[in-house]
Amino acid sequence: MIEKQEDDAQDLEQPIVAVEKESAQDFLDEAVELHANVKGTNASADIETFDWDAFESEKDLYDVDKTTITERYADTLSKVGAGEIVEGTIVSLNKREAVVNIGYKSEGVINISEFRYNPEIKEGDKVEVYVENTEDKKGQLLLSHKQARTLRSWDRVNEALSNDEIIKGFIKCRTKGGMIVDIFGIEAFLPGSQIDVKPIRDYDIFVGKNMEFKVVKINPEFHNVVVSHKVLIEAEIEAQKKEIIARLEKGQVLEGTVKNITSYGVFIDLGGVDGLIHITDLSWGRVAHPDEIVTLDQKLNVAILDFDDAKKRIALGLKQLSPHPWDSLNPEMKIGDKVTGRVVVMADYGAFVEIAPGVEGLIHVSEMSWSQHLRSAQDFLKVSDEVEAVILTLDKGERKMSLGIKQLKPDPWENFEKKYPVGSHHKSKVRNFTNFGVFVEIEEGVDGLVHISDLSWTKKIKHPSEFTQIGAELEVVVLEVDKENRRLSLGHKQVEENPWDVFETIFIVDSIHEGTVTETMEKGALVALPYGVEGFVTPKHLVKQDGTSAKIDEKLPFKVIEFNKNSKRIILSHSRTHEDAKREGGETTRKEEAETTQKAIKKITASLEKTTMGDISGLAALKTEMESNQKKKKASKETPEPETATSPAPEPTNEPAPEPKVEE
């Protein structure tokens, strides 16, 4: 136990130096060299003259202290400690492990899995290792290449990014959007778009492979590293592009491989440079999607349509390698011929019909029906319908053709005057409303307008929706025909006789009729009169006898103060009814008083010659009585008459009054 503690203390005082003596001769050579260094003598001194007894007894061997000699010797040996990173040499290599010599006559064993990132490693290669322990329980030196790479990894990664250095890495596994790559012991991300210049469809084929990369991005905060393999081949591809584009000519036919298919076209690999075949250049006919024509990795010949040296863009064509279908069109085809075809494309404005592969014609929506009421083309046709049509225009130079299907039916306007003469009655269907009238359809292709003023003889209509509704049946009369412009003027109220001829005899001026206030407005009110006719009343004529204005739904007597047959207008007044009644009552009273006065005058005149003083007194009494009666009548009235009739005073006479007779 005590010996063990002494050994431990001695181990703490002196560093461990692993020195292996390969042979006695090596030991001897070392002793001679040491002796030469100490004595300063020639190292090649004759060994036979060496005093071995003095050496063993350590007498007269050194001229300095032994401790000093030991320290000097220790300084000549290099030291290595745990936790250091040193460079070593691979001295042995097999399938399971590698033996690395770090110098100082020390070797360690490292698992071969730590070198899987570099399958080309071989004996003699220099590698960095981390000294985990100078001596384990078995007395072996423990080294780790992976730990050394990890400690040096971020320095190496930053150096690789700064120096644009090409590094090697091992693809460990697949992840979302790319791959995980082991570089210097760090897991870096390889995006799928940075694996190759071509789109990758199967990422799994790269797992477990060693490839060369360049560091393109580092995020020190999150310890993220992004690498790229694509950048290594882009320079070479760029050189190939320049060479290929320099040899391109319009119209040239090249062989290529389908690289990618999109909804708008196909990308073709021409051997280092890509070109695009637009979907319209795949076939002379209609193509819904490019995969109907080509498949991935298919080899085909394409024609060069155009290219841009600056932008490195090449436009290719496939249909240009075959003759245009219009060139093989029947030369005898002309306008007016009937053709059959299949609807390939629908639009709001019409339908495209393919009458032969690559030969299409347009049926405009206006050529689908004789009706002037335009609708969507989808109301008549749908894709894949087989239709028969008539050629309306044909331009082989421009390769355009317009077709029509309504021409297969007779034009309803050809004999229109005979079928729809002015004044004839017909039933129609309401198609549409406008602010000024109603559009109706008598039959397909025959539309007409009923103006809002021709809807009713009596009602004031602000909008046609107040009178009818879309889809309703409406009886009409033909008022006017414009065959050249295909316009038809119709009327609905003309179905009945004009009631205003009768109204003229009923609603005469000053006649009084009972009416109901239906609507009030700032300028007046509308009044519903008998027989469905309406009249208009101004605000001042709406005043009732009590001074208030008439209200809606109130029934009152109205007096006609104006009637206009041409403009179909009746002006009414309610205030005139009670004002006229009062005026008539006052005139009757004045007339009676005048008659009474005239009778009194005649009586006085007749008896004037016989007048005596007593008669004059009687006349004065009569006058007083008449005035008293007149005052009583005025007091009995509720409101005074605007004009008061007064009895005329008897005119004075120039004849002298007869003298009274005096009896003797």
Less than 3.5 Å apart, which donor and acceptor atoms pair up between the side chains of residues 174-183 and the rest of the protein, not counting sequence neighbours?
from: Asp182; atom 1: OD1; to: Gly185; atom 2: N; distance (Å): 3.1

Identify all side-chain donor-acceptor contacts of residues 261-268 below 3.5 Å with residues at least two apart in sequence or on another chain.
from: Thr262; atom 1: OG1; to: Tyr264; atom 2: N; distance (Å): 3.4
from: Thr262; atom 1: OG1; to: Gly265; atom 2: N; distance (Å): 3.2
from: Thr262; atom 1: OG1; to: Gly265; atom 2: O; distance (Å): 3.0

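Put simply, the residue from Glu388, Glu354, Glu360 that forms a salt bridge (Lys or Arg N to Asp or Glu O under 4.0 Å) with Arg342 is Glu354.
Side-chain contact between Asp274 and Ile314 is absent, with no heavy-atom pair separated by less than 4.5 Å. Met333 has its side chain within reach of Ile391: a pair of non-hydrogen atoms, C-beta onward, lies under 4.5 Å apart. Counting only heavy atoms from C-beta outward, the side chains of Val353 and Leu403 approach each other to under 4.5 Å. You'll find the side chain of Val215 stays beyond 4.5 Å of the side chain of Glu165, heavy atoms only. Inter-residue side-chain proximity for Phe213 and Val231 is flagged as unmet; no heavy-atom pair is nearer than 4.5 Å. The shortest side-chain heavy-atom distance between Ser384 and Val343 does not fall under the 4.5 Å cut-off.
Residues that satisfy the side-chain hydrogen bond (donor to acceptor under 3.5 Å, both in side chains) test with Asp337, not counting sequence neighbours, are Lys334. Applying the side chain to side chain contact (heavy atoms under 4.5 Å, CB included) rule to Gln298 yields the partners Val258, Val294, Thr295, Leu300; only residues at least two apart in sequence or on another chain are considered. A search for side-chain hydrogen bond (donor to acceptor under 3.5 Å, both in side chains) contacts involving Ser193 returns nothing, not counting sequence neighbours. When the ring-ring contact (aromatic ring centres under 6.0 Å, His included) test is applied to Phe115, the partners found at least two apart in sequence or on another chain are His145.
Between the side chain of Asn94 and the backbone N or O of Glu97, at least one donor-acceptor pair lies under 3.5 Å. Judged by distance alone, the side chain of Asp125 and the main-chain N or O of Lys122 form a donor-acceptor pair under 3.5 Å.
In this structure, CG in Leu305 is found 12.0 Å from CD in Gln252, a value given to the nearest 0.5 Å.
Inspection of the Thr257 and Lys299 side chains reveals an N or O donor paired with an N or O acceptor under 3.5 Å. If you check the side chains of Lys214 and Ser228, you find no donor sitting under 3.5 Å from an acceptor.
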